[in-house]
Amino acid sequence: MLEKIIILDFGSQTTQLIGRRVRELNTYCEIVPYNKFPKDDATVKGVILSGSPFSVNDKDAFSADLSEIRKKYPVLGICYGAQFLAHTSEGKVEKGDSREYGRAHLVSITQDPLFDGIAKDSQVWMSHGDTITVLPDAFDIIASTEDVKAAAYKIQGEQTWGVQFHPEVFHTVDGTKLLNNFLNICGCEKDWTPASFIESTVAELKAQLGDDKVILALSGGVDSSVTAVLLNKAIGKNLTCVFVDHGLLRKNEFERVQKDYEHLGLHVIGVNAKERFYKALAGVADPEEKRKIIGKGFIDVFDEEAHKLKDIKWLGQGTIYPDIIESLSITGTVIKSHHNVGGLPEKMNLKLVEPLKLLFKDEVRRIGLELGMMEHLIKRHPFPGPGLGIRVLGDITAEKVEILQNADDIYIKMLNDYHLYDKVWQAGAILLPVKSVGVMGDERTYEFTIALRAVTSTDAMTADWAHLPYEFLAKVSNEIINKVKGVNRVVYDISSKPPATIEWE
């Protein structure tokens, strides 16, 4: 039986990071809204209470009844979680004289299993406006910083702890050790590994699908590719994959990806639908309208291919855990669909199978490597579903797509040649709807501008522009202008997210 840690989400932007840190310690965990604790689940080994954007004193602050959790499970409250435990036990939480934010160091630690192996001068990361000023009688301080006396506490008579710093962030040097100590307290086996996930998932897929047939839309990306290999391992010939070329893929990608899929032993139907998409997109400049046209076109093409097959009962999808989490509000109300080919299950009257829906992106990559997939498939940058359709700004034509494909191909190849590709989260070229004057030889030109984009990130929720070497950018610019007909100017995007987005449209 798969043991788990439950993380109650009170709305912190680092809640997913808590989950990832626990998973990195080979322990399965689930993130659920603060008021949706799974009662009577025998697999739960412990509970973590996340931070929150609220103060516990706000009238709209999230509140949960922990009476059935405390004393039954080990509990760790982080930041707001720690303050909430104190606040609801007749302690006092008040606004600090100044916001406690940034690095701090522990100046005292009392011997306690939560701090086993952690030095007293260890650096921690604070991020809160409130602080615990009065602890309830049964709460014992077990760690302090220079400014925060109750940096950590333990409740007498129960396995409940609170820390006002964030062990999940990188800047808390021994944060992973603290979380590991908590998992030890919970009695976790820590045996949730890529190999164990593959073994259990393949067994579950075999039981779930039996002799049923599954159709899967492949994109060439990591998530759909790993989904395909897992399903193929479980049901073999009963899986049919469809790879649609909407004319907005990278240069030669349709052919290259199909060859990669042959290596994986997948049965793939390749559909060249370029002209169909170009015709539907003619004259359309609005980004949202382009997305809708591309999305609808994909569904229509996929549906047509599916109807050529017999007895399909399931639709496979590469949905991953952040998609699931982000499709729920903090109260558990759906605020957006997480389906990456939204509309298909309903249109085709198929049941969904989503073998990766419990995994974070970095875990998907580890599963892919464990499955023996080629490294370039696993380490591939994220690529938007609408493809170059949202990187050709303004209206789309076959000519513009070809210009962008050629420029993008040079950029990506040079990132690989200079060993920079794996150092960025996502990179690509954008064709701007701007023409400018240039000089080539003795001729005056009036041609397009290409913008280069490269960002560093861990989850795409936030991203910083990648500080690529000037010499490299100069060589890429020179190569594009010299070799791509229709371009006479190259610029580099130095905007971070927020306030900008990774994609331009």
Side-chain angles (χ1 to χ4, degrees), residues 4-22 29-41 44 46-96 99-101 125-136 139 148 150-153 155 158-169 179 182 321-336 338 459 461-462:
K4 70 179 71 150
I5 296 294
I6 293 294
I7 300 168
L8 292 183
D9 182 14
F10 286 87
S12 170
Q13 60 183 344
T14 62
T15 301
Q16 282 196 38
L17 194 51
I18 300 171
R20 284 167 56 193
R21 292 289 175 265
V22 171
C29 66
E30 288 183 6
I31 298 170
V32 300
Y34 66 93
N35 55 356
K36 302 289 182 183
F37 183 79
K39 295 178 182 177
D40 304 318
D41 186 339
V44 177
V47 180
I48 296 176
L49 314 178
S50 84
S52 175
F54 289 107
S55 159
V56 293
N57 297 309
D58 291 346
K59 62 181 178 63
D60 296 325
F62 297 135
S63 181
D65 179 5
L66 302 180
S67 60
E68 293 186 33
I69 297 174
R70 286 174 58 177
K71 296 189 178 179
K72 184 175 180 181
Y73 306 98
V75 175
L76 174 63
I78 294 174
C79 195
Y80 178 93
Q83 294 170 359
F84 179 76
L85 284 165
H87 177 71
T88 53
S89 301
E90 299 183 354
K92 189 175 284 187
V93 177
E94 298 177 290
K95 190 171 287 296
R99 180 174 165 80
E100 292 161 348
Y101 181 82
W125 187 262
M126 296 287 187
S127 180
H128 54 261
D130 291 353
T131 193
I132 301 170
T133 54
V134 178
L135 274 175
F139 286 48
V148 183
Y153 62 74
I155 302 179
E158 55 185 282
Q159 287 188 302
T160 302
W161 289 261
V163 295
Q164 290 200 82
F165 55 86
H166 287 269
E168 72 273 21
V169 303
L179 290 171
F182 180 68
Y321 199 39
D323 299 329
I324 302 285
I325 298 168
E326 290 165 13
S327 72
L328 296 176
S329 74
I330 197 67
T331 57
T333 306
V334 174
I335 55 173
K336 70 174 181 179
H338 73 265
D459 53 16
M461 300 296 286
T462 61

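Index from 1, following the sequence. All of these numbers come straight from a predicted model, not from anything done at the bench.
- Checked against the 6.0 Å centroid criterion, the rings of Y34 and Y80 do not qualify as a close aromatic pair.
- Between C29 and G19, the shortest heavy-atom contact is SG-O, 3.4 Å.
- No more than 12 heavy atoms of other residues, nucleotides or ligands lie within 6.0 Å of CD in E68, so this atom counts as exposed by the packing criterion.
- Here the side chains of I6 and Y73 are not in contact, with every heavy-atom distance at 4.5 Å or above.
- For the pair Y321 (side chain) and Q16 (backbone), a donor-acceptor distance under 3.5 Å is absent.
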Margin query: If you apply the rule side-chain contact (heavy atoms from CB on, under 4.5 Å), what do you find for F165 with V148, and how did you get there?
Written below: CA-CA 10 Å; F165 55 86; V148 183; over 6 Å; no
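- Taking the side chain as every heavy atom from C-beta outward, V32 and L8 approach each other to under 4.5 Å.
- Under the 3.5 Å distance criterion, the side-chain polar atoms of T160 are left unmatched by any main-chain donor or acceptor of I155.
- Among all heavy-atom pairs drawn from I69 and V75, the shortest one is CG2-CG2, 3.8 Å.
- For A150 against Q164, the heavy-atom pair with the smallest separation is O-NE2, 2.8 Å.
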Check: Step by step, would you call F37 with L66 a side-chain contact (heavy atoms from CB on, under 4.5 Å)?
Finding: CA-CA 9 Å; F37 183 79; L66 302 180; over 6 Å; no
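- With values rounded to the nearest 0.5 angstrom, M126 atom CE is found 9.0 Å from H166 atom NE2.
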Margin query: Is there a ring-ring contact (aromatic ring centres under 6.0 Å, His included) between F62 and F54? Walk through the geometry before answering.
Written below: CA-CA 8 Å; F62 297 135; F54 289 107; 4.9 Å; yes
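- Between G51 and C79, the closest heavy-atom pair is CA-CB, 4.4 Å.
- Annotation for I132 and A82: closest pair CD1-O, 4.0 Å, computed over non-hydrogen atoms.
- Of the N and O atoms on the side chains of R70 and T88, not one donor lies less than 3.5 Å from an acceptor on the other residue.
- None of L76, I78, L85, D9 except one satisfies the side chain to side chain contact (heavy atoms under 4.5 Å, CB included) rule with L49; the exception is L85.
- Rounding to the nearest 0.5 angstrom, the gap separating the CD atom in Q83 from the CG atom in N57 is 9.0 Å.
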Notebook entry, point to check: Passes salt bridge (Lys or Arg N to Asp or Glu O under 4.0 Å), E168 versus R21? Steps please.
Noted result: CA-CA 6 Å; E168 72 273 21; R21 292 289 175 265; over 6 Å; no
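- Side chain of D58 to backbone of D60: no donor-acceptor contact under 3.5 angstrom is found.
- Note that the CG atom of D41 and the NZ atom of K39 stand 13.0 Å from one another [nearest 0.5 Å].
- What you find for A64 and F10 is that their closest heavy atoms are CB-CZ, 4.1 Å.
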